[in-house]
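Single-structure report; data block below.
Residue numbers start at 1 and run along the sequence shown.
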Amino acid sequence: MFVPLPSRRKAGPRWATPLLFAALWLAFLWSLGRPDEARQSLWLAWGALGRGLGGGGAWLAALQDGSVLRLFTALFLHADWAHLLGNLVFLLIFGLPAERAMGPWRFLLLFLLGGAVANLAAVLTIGNPDRVVIGASGAVSAVIGAYLALFPGARLGVVLPLGLFLEFVRAPAFLLIGIWAALQVVFAYIGPAFGAVAWAAHVAGFLFGVVFALAVRAGIARRLRRQRGY
């Protein structure tokens, strides 16, 4: 008689979040080494469709000339250090546990598609050909939305600097999301955006993340069962 014994499969490494973290850093450092005029030209060339997508003709032209890819390339452009660091911190806080649950490929798809949808929502809402949407805020919002859909009552460990010591505390995810939203406002007014925040991108990214997590929840459950040997 042969009895099948379930075997626990060791979870693979979480490489998608570190890869995105490094890509955002390198892209910013590369743009930072360019003169101011060249950097602004870079934003205009690779930012999220500054001319907008007002109708079917604009969509067809964007698909033909490849400029629709700017919805994705804009994710890796940031205006300043505050803009970048705010996104990187929350990418690590919510990205690593989200990737552990859904796997690196699903997480990478979530980040890229969520960011593109968020940028598209911002472009359609702004409707100003002189404005360009850049930054990974919409993609990070998608990651946050997916995390909340998967772990609605979660508490996350955070290390706080208290004088000369570091204190580890567990904070509700909703509290950290409130801090994230507040930082977006602060960064807007201390950076070159001068109070202009693409809130449509944040909302669209967050909603996309929730829908994405619910859509792949069955696949995530199967993945976790395989890891646990069930």
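Here the straight-line distance linking atom CZ of R106 with atom CD1 of I220 works out to 6.0 Å at 0.5 Å rounding. Here the CD1-CD1 distance, from I93 to I144, works out to 8.5 Å after rounding to the nearest 0.5 Å. Atom-to-atom distance recorded for S31:OG and F76:CZ is 13.0 Å, nearest 0.5 angstrom.
Counting heavy atoms from C-beta outward, L120 and L124 have side chains that approach closer than 4.5 Å. Taking 4.5 Å as the limit, every side-chain heavy atom of N87 sits out of range of all side-chain heavy atoms of L91. Contact check for L109 versus F212: side-chain heavy atoms found under the 4.5 Å cut-off. In this structure, L32 and W81 have side chains that are in contact, with non-hydrogen atoms separated by less than 4.5 Å. With contacts defined as side-chain heavy-atom distances shorter than 4.5 Å, the pair F107/V143 qualifies. Proximity of H78 to I134: side-chain heavy atoms (C-beta onward) are nowhere separated by under 4.5 Å. L92 has its side chain out of reach of V89: every pair of non-hydrogen atoms, C-beta onward, lies at least 4.5 Å apart.
With sequence neighbours excluded, the residues that form a side chain to side chain donor-acceptor pair (under 3.5 Å) with T17 are E99. Among residues two or more places apart in sequence or in another chain, the side chain to side chain contact (heavy atoms under 4.5 Å, CB included) test is passed with A139 by L75, F111. Every residue meeting the side chain to side chain contact (heavy atoms under 4.5 Å, CB included) condition with L148, not counting sequence neighbours, appears here in chain and number order: A173, F174, I177, F206. For R217, there are no salt bridge (charged side-chain N to carboxylate O under 4.0 Å, His left out) partners at least two apart in sequence or on another chain.
A tilted orientation is assigned to the rings of Y147 and F151, their planes being inclined by 30° to 60°.
Contact between S137 and H202 at its shortest, heavy atoms only, is CB-NE2, 3.6 Å. The shortest heavy-atom contact between A16 and P104 is CB-O, 3.5 Å. Minimum interatomic distance between V210 and G145 (heavy atoms only, all atoms of both residues): CG2-O, 3.4 Å. Of all the heavy atoms in A118 and A204, the pair that sits closest is CA-CB, 4.1 Å.
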Using distance only, find each side-chain donor-acceptor pair of residues 19-30 under 3.5 Å and give its atom names and separation, not counting sequence neighbours.
none

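In the hydrophobic clustering of ILVMFWY residues, with side-chain heavy atoms under 4.5 Å counting as a link, L71 and V211 come out apart. Both L113 and L110 are part of a single hydrophobic cluster, where members link through side-chain heavy atoms under 4.5 Å apart.
A salt bridge (charged side-chain N to carboxylate O under 4.0 Å, His left out) check over residues 39-48, counting only residues at least two apart or in different chains, returns the pairs D36-R39.
Between the side chain of R70 and the backbone N or O of G47 there is at least one donor-acceptor pair closer than 3.5 Å.
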